[in-house]
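First comes the structure, then the notes that go with it.
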Amino acid sequence: MSLLDRHRAVMPGWMPVYYGDDALEIVSGKGRRVTDAAGRTYLDFFGGVLTTMVGYDIAEISDAVRSQVDTGVAHTSTLYLIRQQVELAEKIARVSGIPDARVFFTNSGTEANESALLFATNVRRSNQILAIKNSYHGRTFATMAVTGHRSWSSSSLSPLSVNWLSSADRLRGRMAGLDDGDLLDAAVDDLREVLATVTAGDVAALIAEPIQGVGGFVAGPDGLLGAYQKVLSEHGILLIADEVQTGWGRTGEHFWGYQAHGVTPDLITFAKGIGNGYALGGVVGRAEVMNAVPAISFSTFGGNPISAAAGNAVLDYVLDHDLQGNAKRVGSILLDGLRAQQSAIVAEVRGRGLMIGIEFVRPGTSEPDPAATLRVFDLCREGGLLVGKGGLYGNVIRIGPALTLTEDEAREGLAVLTDAIAVADSESRIA
């Protein structure tokens with residue numbers, strides 16, 4: 001029996017595996033490349049869903065983890081002092097941009113967002129949350145409730161009262177075709193209307209991704225979160241920035257996605273890249289909000305000695321090697337190259353730094369074309385490149401490689417991508 005058959009025999013049917021019956025088993029990695037069980041090597045432009053942020057087999061990270069493992073202490077719980085955890089919390093508090101910040105560690109972005117919702121609803125004594133259409137915040141009960149992406153919302157039940165703001169999608173929906181100024185005005189009007197009509201007035205928080213990840217890297221104009229916060233502050237409503245995918249310099253121009261918006265969130269959630277593959281997430285926020293939990297609580301595994309050791313090494317590496325600057329420089333090669341390609345099936349190339357989305361449509365329309373997207377996705381693999389998929393309609397190729405990607409690797413991947421798009425475009429004309 002193949003590994004795929006064994007997987008299907010014991011794993012839930014709702015867990016997708018890329019490439020269907022030709023699924024990959026990745027057995028080793030080095031730098032930005034991975035090798036599968038058949039011995040083929042690929043350039044990885046998706047990094048385990050933007051998680052292997054520094055790359056594979058990075059000595060500084062492996063050595064830090066190995067050193068902690070060699071102590072024999074993998075876990076003590078937060079009932080005891082954990083030096084690695086305290087040191088990492090100090091670093092994250094410093095880079096957060098939040099004065100007098102506190103940090104709580106979790107195992108994932110989902111759990112981080114769940115925790116942020118807990119803090120916000122406690123301090124505001126309200127279960128009302130504002131969320132944004134096309135968003136993704138996790139797979140637990142509360143985070144699913146604030147996920148505005150039908151493909152990932154597997155339950156209509158909710159512990160929260162959620163009201164929705166429009167996505168900043170420029171291709172379709174309420175904001176379609178608007179320039180930056182008009183979109184900002186429309187977004188603020190939308191927020192005011194929602195607050196005036198469908199809430200009970202004591203909303204706890206708005207949770208927002210500076211760039212929507214699973215939603216296909218859709219982003220509003222700079223200043224959008226700041227425009228929202230001006231209205232939120234009139235009502236005492238908190239702002240939660242979900243930086244699970246945008247954090248740690250990935251957007252190139254800023255260390256956090258929120259910094260493009262002239263705003264300081266009350267809470268920032270993080271995960272994915274900070275562990276570079278080790279399970280690590282958390283929340284950093286204002287002390288009065290973080291301290292609002294009225295009972296004893298802790299996280300059994302969150303920020304354990306091994307994952308915290310990895311996190312310390314990752315954050316040091318990001319800062320010491322200016323990976324934010326590299327993301328901006330190398331990302332521009334990809335963005336410029338993709339935008340220069342003329343293709344009837346590409347409606348938009350969007351993103352910042354090394355967070356790039358390519359949206360595919362049927363030629364001459366704004367109608368999503370998931371079939372063309374899948375064709376490009378498969379052609380990239382044939383060409384030795386791994387990319388991701390996303391978007392509300394499954395019609396966006398997502399690119400999120402390690403922030404250590406070199407210029408030569410960027411051009412190599414760009415060539416595979418543009419060739420794949422050209423083939424899919426040609427086939428669409430014939431069809």
Side-chain angles (χ1 to χ4, degrees), residues 48-49 51-54 58 60-96 98 100-123 137-144 159 207 240-244 247-248 265-318:
V49 193
T51 300
T52 312
M53 185 176 70
V54 182
I58 304 301
E60 289 86 341
I61 300 169
S62 299
D63 290 347
V65 170
R66 191 176 297 111
S67 179
Q68 182 61 45
V69 170
D70 286 346
T71 69
V73 179
H75 174 75
T76 63
S77 92
T78 52
L79 297 174
Y80 303 93
L81 292 173
I82 302 173
R83 184 172 298 274
Q84 294 276 13
Q85 184 182 92
V86 173
E87 291 176 350
L88 180 57
E90 289 171 338
K91 294 173 186 176
I92 292 173
R94 280 198 300 269
V95 301
S96 71
I98 297 175
D100 191 27
R102 298 293 186 272
V103 182
F104 177 70
F105 289 107
T106 65
N107 305 287
S108 68
T110 291
E111 192 182 341
N113 284 328
E114 189 89 15
S115 299
L117 293 168
L118 170 67
F119 303 150
T121 53
N122 265 297
V123 76
H137 299 289
R139 58 177 179 76
T140 51
F141 202 38
T143 58
M144 199 185 315
I207 184 169
I240 303 169
D242 179 346
E243 299 266 6
V244 169
W248 319 111
D266 298 286
L267 298 166
I268 301 168
T269 61
F270 58 86
K272 288 192 182 294
I274 188 60
N276 203 56
Y278 291 89
L280 182 62
V283 187
V284 55
R286 292 195 292 117
E288 64 184 273
V289 181
M290 297 286 290
N291 289 333
V293 178
I296 294 172
S297 188
F298 78 138
S299 176
T300 299
F301 294 109
N304 69 75
I306 292 175
S307 65
N312 273 300
V314 168
L315 187 48
D316 289 347
Y317 196 101
V318 168

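Along the sequence shown, the residues carry numbers beginning at 1.
Listed here is the closest heavy atom pair of Phe301 and His75: CD2-ND1, 4.3 Å. Contact between Ala292 and Val123 at its shortest, heavy atoms only, is CB-CB, 3.6 Å. Closest non-hydrogen pair, Ala101 versus Val284, comes out as CB-CG2, 3.7 Å. Taking both residues in full, the closest heavy atoms of Ser299 and Glu111 are given as OG-OE2, 3.8 Å, listed atom of the first, atom of the second, then distance. When all heavy atoms are compared, the tightest approach of Ser115 to Val283 is CB-CG2, 3.9 Å. Smallest separation of non-hydrogen atoms from Leu267 and Gly285: CD2-CA, 3.8 Å.
Annotation: the span from Ile98 atom CD1 to Arg286 atom CZ amounts to 8.5 Å, rounded to 0.5 Å. Here CD1 of Ile207 is found 5.0 Å from CG of Leu117. Values are rounded to the nearest 0.5 Å. Here Glu114 contributes atom CD and Thr140 contributes atom OG1; the two are 3.5 Å apart, rounded to the nearest 0.5 Å. A distance of 10.0 Å separates CD1 in Ile240 from CZ in Phe119, rounded to the nearest 0.5 Å. For the atom pair Asp100 CG and Met290 CE, the distance stands at 11.5 Å (nearest 0.5 Å). Remark: Glu87 CD to Asp316 CG distance equals 9.0 Å, nearest 0.5 Å.
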Worked verdict on Ile82 versus Asn304 for side-chain contact (heavy atoms from CB on, under 4.5 Å): CA-CA 8 Å; Ile82 302 173; Asn304 69 75; 5.8 Å; no

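Remark: the backbone N or O of Gly303 is paired with a side-chain donor or acceptor of Gln85 at under 3.5 angstrom. Checking side-chain atoms of Gln68 against main-chain N and O of Val73 turns up a donor-acceptor pair under 3.5 Å. Side chain of Ser67 to main chain of Asp63: no donor-acceptor pair is present (N/O by atom type, distance under 3.5 Å, no hydrogens or angles).
Contact check for Val65 versus Ile306: side-chain heavy atoms found under the 4.5 Å cut-off. With contacts defined as side-chain heavy-atom distances shorter than 4.5 Å, the pair Ile92/Ile268 does not qualify. When side chains are defined from C-beta on, Phe104 does not count as touching Leu118, because their heavy atoms never get closer than 4.5 Å. At least one side-chain heavy atom of Thr300 sits less than 4.5 Å from a side-chain heavy atom of Phe298.
Residue Leu81 places its CG atom among 12 or fewer non-hydrogen atoms of other residues, nucleotides or ligands, all under 6.0 Å distant.
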For a quick test of your reading: what N or O donor-acceptor pairs under 3.5 Å do the side chains of residues 269-278 make, sequence neighbours left out?
residue, atom, partner, partner atom, Å
Thr269, OG1, Asn113, OD1, 2.8
Lys272, NZ, Val49, O, 3.4
Asn276, OD1, Met53, N, 2.8
Asn276, OD1, Val54, N, 2.7
Asn276, ND2, Gly55, O, 3.0

